[in-house]
Undergrad: 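Take a look at the following structure, please.
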Protein chains: 2
Amino acid sequence: MARPRTFDEERALDAAMRAFWVNGYEATSTQDLCDATGLGRSSIYNTFSSKHELFQRALARYIDSMTAGQVEILEDAGRSPMERLRALFARIVDSEFECREDGHSIGCLTVNTTVELAGRDPEAAELLARDLAARLAAISAVIRAGQSGGDISSTRDAGDLARFLNAVIGGMRISAQGGADRAALTAIAETALDSLTR
Amino acid sequence: MARPRTFDEERALDAAMRAFWVNGYEATSTQDLCDATGLGRSSIYNTFSSKHELFQRALARYIDSMTAGQVEILEDAGRSPMERLRALFARIVDSEFECREDGHSIGCLTVNTTVELAGRDPEAAELLARDLAARLAAISAVIRAGQSGGDISSTRDAGDLARFLNAVIGGMRISAQGGADRAALTAIAETALDSLTR
DNA sequence: TACGTTATGAACTGCTCAGTCCAAAACAAG
DNA sequence: CTTGTTTTGGACTGAGCAGTTCATAACGTA
């Protein structure tokens with residue numbers, strides 16, 4: 001009944017997400033998005049309405065895929081709570097050496113967006129707040145399980161420990177963007193995890 | 001012998017620094033810088049050459065003042081190593097509630113710049129690398145002192161612990177920009193510091 | 001008071017930005 | 001093959017960008 005699209009919307013979204021991830025929202029022009037996706041301006045605006053809405057969809061897609069993978073690790077019933085946390089941190093270290101551009105880590109899109117946009121973009125802030133709540137809930141649950149089993153110290157509230165681990169993850173992302181190598185990130189992760197068992 | 005300036009260069013630099021701090025490099029226009037400093041375009045370009053050079057000077061000024069204050073705390077001979085680290089973290093929590101705009105934390109300019117520019121601005125990356133090295137050196141020295149005195153565990157290398165604490169500081173900054181309140185930041189700091197004494 | 005020098009404001013430059021428009025193209029359905 | 005609907009590419013728009021130019025103002029000095 002009408003002319004069909006010649007591109008895959010999700011592939012285009014992935015390409016746009018990567019562009020925003022590498023350079024940030026402000027420094028990515030609509031022309032950059034055309035180049036990255038291979039689409040013309042008309043197709044981009046016809047499909048995604050505006051740069052800002054495209055960014056929101058890209059951020060939402062990043063959050064869905066990233067948090068899904070991490071929650072999967074955290075809910076892996078085949079591993080003990082501490083093993084799950086260790087696996088989570090191992091994945092985060094790995095991701096910093098998989099997601100690179102020009103020899104530098106590009107960090108994490110949620111951290112980057114928190115820094116660049118959270119203070120002046122309500123829609124982005126909302127997506128980030130929801131993601132943060134989900135992450136903290138998943139980490140807290142694992143910590144509570146570890147506390148029940150005695151593997152994790154109960155001297156601190158599970159919620160506090162979850163916020164602590166989440167902050168360390170963010171700090172590892174910043175450290176990687178600042179040039180930290182794999183050994184440095186691994187040592188940070190081990191130090192954080194060791195502190196749970198004291 | 002010639003017409004004198006009607007403004008104070010350092011005050012102008014402070015105003016520009018604040019503008020970059022709140023909105024980032026890309027989202028701060030030269031017009032914003034004129035408004036923030038109260039200077040005309042001619043005065044800005046006559047004094048600072050370009051937006052990029054003004055940013056470099058603003059970042060350098062931020063680093064000098066911030067790192068100076070923190071190193072002062074870390075080298076305070078009147079306090080024990082652990083007390084110095086506690087004072088450092090207390091200052092960082094405080095700073096997140098002093099440096100705000102529209103009810104949000106504006107974080108730390110070095111962290112913000114690491115995220116926004118480190119991957120594509122060699123001059124900024126150089127300033128950040130130098131600052132990071134100085135921070136890690138100062139923290140490492142305190143940790144070594146604490147390890148000698150027995151207050152800080154020697155099971156981990158002082159350099160690793162310094163990178164860990166520095167990552168936690170970065171993570172606290174991100175957490176604050178993500179909306180964490182004072183109690184949450186304090187708990188993160190306490191958890192990190194407690195892990196040193198195990 | 002006249003001169004040399006620097007600072008300043010306002011107008012201006014060329015360019016890039018996000019977003020729009022429209023004619024042509026590509027299909028499905030009748 | 002025609003008709004109706006959507007996609008597509010390319011030209012276009014007005015606004016805002018970083019940076020320049022220049023006439024004039026404001027000073028120290030002689």
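Chain identifiers are assigned alphabetically (A, B, ...) following the order of the sequence lines, protein sequences preceding nucleic acid strands; residue numbering begins at 1 within each chain.
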Undergrad: How many whole angstroms separate atom CD1 of A:Ile44 from atom C1' of D:dG9?
TA: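 To the nearest whole Å, that distance equals 13 Å.
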Undergrad: What about A:Arg3, does its side chain sit under 3.5 Å from the base of D:dT7 through a donor-acceptor pair?
TA: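 For A:Arg3, whose side chain was compared with the base of D:dT7, there is a donor-acceptor pair (under 3.5 Å).
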Undergrad: Taking atom types as modelled and ignoring hydrogens, do the side chains of A:Arg91 and A:Gln70 form a donor-acceptor contact shorter than 3.5 angstrom?
TA: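 A:Gln70 and A:Arg91 do not have a side-chain donor-acceptor pair below 3.5 Å.
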Undergrad: Compare side-chain N and O positions of B:Thr30 against OP1 and OP2 of D:dA18 and report whether any pair is under 4.0 Å apart.
TA: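 For D:dA18, OP1 or OP2 has a side-chain N or O of B:Thr30 closer than 4.0 Å.
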Undergrad: Which part of the nucleic acid does A:Ser43 contact within heavy-atom distance under 4.0 Å: base, sugar-phosphate only, or nothing?
TA: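 If one applies the 4.0 Å heavy-atom cut-off, A:Ser43 turns out to touch the sugar-phosphate alone, with no base involved.
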Undergrad: Please determine whether a side-chain nitrogen or oxygen atom of B:Thr6 lies at a distance below 4.0 Å from atom OP1 or OP2 of C:dT8.
TA: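 Yes, because at least one side-chain N or O of B:Thr6 sits under 4.0 Å from OP1 or OP2 of C:dT8.
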Undergrad: For B:Ser43 and B:Asn46, does a side-chain donor sit closer than 3.5 Å to a side-chain acceptor?
TA: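 No, B:Asn46 and B:Ser43 have no side-chain donor paired with an acceptor closer than 3.5 Å.
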Undergrad: If each of B:Ser29 and B:Ala2 is mapped to the nucleotide of DNA chain D with the nearest heavy atom, which maps nearer the 5' terminus, i.e. the 5' end?
TA: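 Upstream on the strand: B:Ser29.
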Undergrad: Using a heavy-atom cut-off of under 4.0 Å over every strand shown, decide if A:Ser49 touches base, sugar-phosphate, or nothing.
TA: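 If one applies the 4.0 Å heavy-atom cut-off, A:Ser49 turns out to touch nothing in the nucleic acid.
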Undergrad: Looking only at heavy atoms, which two atoms of A:Thr30 and A:Tyr45 are closest? And how far apart?
TA: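 Closest pair (atom of A:Thr30, atom of A:Tyr45, distance): CG2-OH, 3.3 Å.
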Undergrad: Any chance the side chains of A:Ser105 and A:Glu96 put a donor and an acceptor closer than 3.5 Å?
TA: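 A:Ser105 vs A:Glu96: donor-acceptor pair found between side chains.
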Undergrad: I want to verify a distance call: between C:dA7, D:dT5, D:dT8, whose nearest atom is closest to the A:Phe7 side chain?
TA: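 The answer is D:dT8.
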Undergrad: A:Asp8 has an atom CG; how far is it from atom P of D:dT8, in whole Å?
TA: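 Atom-to-atom, A:Asp8 to D:dT8, this comes out as 12 Å.
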Undergrad: Going by an N to O cut-off under 4.0 Å, is there a salt bridge joining B:Arg84 and B:Glu75?
TA: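 Between B:Glu75 and B:Arg84 there is no salt bridge, as every charged N stays at least 4.0 Å from the carboxylate O atoms.
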Undergrad: Among the candidates C:dG19, D:dC17, C:dA7, find the nucleotide nearest to the side-chain atoms of A:Lys51.
TA: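 Looking only at heavy atoms from C-beta outward on A:Lys51, the closest nucleotide is C:dG19.
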Undergrad: Rounded to the nearest angstrom, tell me the gap between atom CG in A:Leu54 and atom P in C:dC17.
TA: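 Going from A:Leu54 (CG) to C:dC17 (P), I get 16 Å.
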Undergrad: Would you say A:Ser42 places a side-chain N or O within less than 4.0 Å of OP1 or OP2 belonging to D:dT7?
TA: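 It does not, given that no N or O in the side chain of A:Ser42 lies less than 4.0 Å from OP1 or OP2 of D:dT7.
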Undergrad: C:dG19 P sits how many Å from A:Tyr45 OH, rounded?
TA: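 After rounding, the reported distance stands at 4 Å.
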Undergrad: Could you pick out which residue, B:Arg41 or B:Pro4, lies toward the 5' side of DNA chain C when each is mapped onto its nearest nucleotide?
TA: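 That would be B:Pro4.
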Undergrad: Just checking B:Phe48: base, sugar-phosphate only, or nothing, at a heavy-atom cut-off of under 4.0 Å?
TA: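 Result for B:Phe48 = nothing.
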Undergrad: Write down the distance between CG (A:Asp32) and P (C:dT16), rounded to a whole number of angstrom.
TA: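 Distance check: A:Asp32 CG to C:dT16 P gives 12 Å.
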Undergrad: Could you state the CG-P distance from B:Asn23 to D:dC17, rounded to the nearest angstrom?
TA: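 Taking atom P of D:dC17 as the reference, CG of B:Asn23 is at 12 Å.
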Undergrad: Measure the distance from CD on B:Glu26 to P on D:dG16 and round it to the nearest whole Å.
TA: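 From B:Glu26 CD to D:dG16 P: 18 Å.
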Undergrad: Could you tell me how far apart B:Gln31 (CD) and D:dA15 (P) are, to the nearest whole angstrom?
TA: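 One finds 16 Å between P of D:dA15 and CD of B:Gln31, rounded.
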Undergrad: Between A:Arg5 and D:dT7, does any side-chain N or O lie under 4.0 Å from OP1 or OP2?
TA: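 A:Arg5 to D:dT7 OP1/OP2: side-chain N or O found under 4.0 Å.
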